There are 2 protein chains.
Amino acid sequence: MTTTERLPLTRERIIEAAVAFADEHGIDDLSMRKLGAELGVEAMSLYNHVDNKDDIYDGMINYVFESIEMPSEGVDWRTGIRDICASAMEILWTHSWAVITLMQRGNFGPSALSFMNEVVGRLRNAGLNDEDIHHGWQMLASHTMGYASQAATNPGVMEQKLSNLQAMMAENEERYPHVAALGPLLSECQWDREYMFGLEIILDGLEARLN
Amino acid sequence: MTTTERLPLTRERIIEAAVAFADEHGIDDLSMRKLGAELGVEAMSLYNHVDNKDDIYDGMINYVFESIEMPSEGVDWRTGIRDICASAMEILWTHSWAVITLMQRGNFGPSALSFMNEVVGRLRNAGLNDEDIHHGWQMLASHTMGYASQAATNPGVMEQKLSNLQAMMAENEERYPHVAALGPLLSECQWDREYMFGLEIILDGLEARLN
DNA sequence: ACCTGAACACCGTTCAAGT
DNA sequence: ACCTGAACACCGTTCAAGT
């Protein structure tokens, strides 16, 4: 905020500032005017480096997916996919706005396509046929996006902010008995471990299709 | 638009109009002013029956989840869950804004809790222990929300609107070779059948944990 | 080439005023 | 009790004007 104001404005700097802002204040609070202020510039200056706000969203998503770590080509397909997915979940967790924004935009940018290409390549390496590769990718993508979005809106207990689900349950134990019976398992859900558990079931299912 | 204008305004009528509007024009175009106009009323009148716009979103989500059909208690657990999930996917498909709005709100209303309660109850009936019931629910929820959101943003071929993924691929075949190799499988993806395929793998994985 | 001020057409929401 | 008009504090985006 003090020394950075003199740096020339670039698309890259705008995207990075937008990511930082969304991480701190949430993506709903992000506006062109506030983003400009963060960069020591009027909102309208941003349009010299960026098409519009959607373009910024796409850039943010791309920026986040770029940091997914790809394991070496050497490892076997299961550990390869496991590692890619674990890395993806970790970065989606730290940028909790990313999944939902991606879903809204419905736009796979270059880095999301690289992620997809990497997973699909390893499924092919495993020896699956094209149809099962396709099934596998769709399952892994849905699993990852589903857990990431649930984790994003249901913060763990450490966040002390009681989830909406917990609040609703507290008043309606008799109306949703089966949900109530799960009690602590729901409120103390560790999304990363839960995610990896489900991942193994999917990988088991795919492995069973290797003949 | 002609005869309905005289009906008294109610929360219910507002929610129904909002759902119809979102179905037709997409949820991003929904505004208090437009919704009022749809009901022959000024935007400010809505606040007599509704807290604010978020309250409308919650009402819309609840309205949609209410129409999920619950099979009879008699059927075995697998077909029961299969039928509930198939119904859920169908209604989430027809109201393509619903999943993303639910994820953004992060708010399980009464009817979403009923859906959850029904699925969890049937997992319990299957004979799973509490931990596996919890795992099962999280997997089924993620699977459903993940596919629904992907289906919502990647319309089938019949919609003739080429998906963003297809457009991106057309220009970068050599950059994402494994993705490109899947070609028609991706562009002609039938989300409902794909969803049911993955559902079976999850149910297989859960069934294997019955001892 | 890049930044700005003023303006346009919208938002959600509040509040005093009407009936 | 319910609806309204005017107002407030915001939006994203355009465009002519500055340097």
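In what follows, chains are A, B, ... by sequence order, proteins preceding strands, each numbered from 1. Predicted, not measured: the structure shown is a model, and the values here were computed from it.
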Check the distance between dG12(C)'s P and D54(B)'s CG and give it to me in whole angstrom. 11 Å

Would you write out the dot-bracket form of DNA chain D, 5' to 3', with Watson-Crick and G-U pairs under 3.5 Å, [ ] for crossing pairs, | for pairs to other strands and . for unpaired bases? ||.|||||...|||||.||

Send over the distance from D51(A) CG to dG12(D) P, rounded to a whole Å. 16 Å

N/O-N/O pairs, protein side and nucleotides 17-19 of chain C side, under 3.5 Å:
none

Is a side-chain donor-acceptor pair under 3.5 Å present for H134(A) with Q138(A)? yes

To the nearest Å, how far apart are L39(A) CG and dT4(C) P? 11 Å

Can you pull the ring-ring contact (aromatic ring centres under 6.0 Å, His included) pairs that have at least one residue in residues 49-69 of chain B, sequence neighbours excluded? none

5'-most contact on DNA chain D: S45(B) or A43(A), nearest heavy atom basis? S45(B)

Sequence neighbours excluded, which residues qualify as salt bridge (Lys or Arg N to Asp or Glu O under 4.0 Å) partners of D54(A)? R105(A)

Residues which pass salt bridge (Lys or Arg N to Asp or Glu O under 4.0 Å) with D192(A), listed by chain and number, not counting sequence neighbours: none

Got a sec, which pairs hit salt bridge (charged side-chain N to carboxylate O under 4.0 Å, His left out) with one end in residues 174-187 of chain A, sequence neighbours left out? none

Residues 81-89 of chain A, side-chain donor-acceptor partners within the protein, below 3.5 Å, at least two apart:
from, atom 1, to, atom 2, distance (Å)
R82(A), NH1, E200(A), OE1, 3.0
R82(A), NH1, E200(A), OE2, 2.8
S87(A), OG, E69(A), N, 2.9

Take the protein atom CG of N52(A) and the nucleotide atom C1' of dG12(D), then report the distance between them rounded to whole Å. 9 Å

Applied to residues 138-152 of chain A, the salt bridge (charged side-chain N to carboxylate O under 4.0 Å, His left out) test, sequence neighbours excluded, yields none

From dC3(D), dC3(C), dG12(D), pick the nucleotide closest to the side chain of L9(B)? dC3(D)

Within the structure, does a side-chain N or O atom of H49(A) lie under 4.0 Å from either OP1 or OP2 of dA1(C)? no

Inter- and intrachain pairs under salt bridge (charged side-chain N to carboxylate O under 4.0 Å, His left out), touching residues 25-35 of chain A, at least two apart: none

Whole-Å distance separating the CZ atom of R13(A) from the C1' atom of dC2(C): 14 Å

Taking only residues two or more places apart in sequence, or in another chain, which ones meet E194(B) in a salt bridge (Lys or Arg N to Asp or Glu O under 4.0 Å)? none

Close N/O contacts between protein and nucleotides 5-11 of chain C (under 3.5 Å):
from, atom 1, to, atom 2, distance (Å)
dC11(C), OP1, S31(B), OG, 3.3

How many whole angstroms separate atom CG of L46(A) from atom P of dC2(C)? 14 Å

Euclidean distance, atom CD1 of residue I56(A) to atom C1' of dG12(D) [Å, nearest integer]: 11 Å

Listed once per pair and sorted, the ring-ring contact (aromatic ring centres under 6.0 Å, His included) pairs that draw on residues 168-189 of chain A, sequence neighbours left out: none

OG1-CE distance between T101(A) and M60(A), expressed to the nearest 0.5 angstrom: 6.5 Å

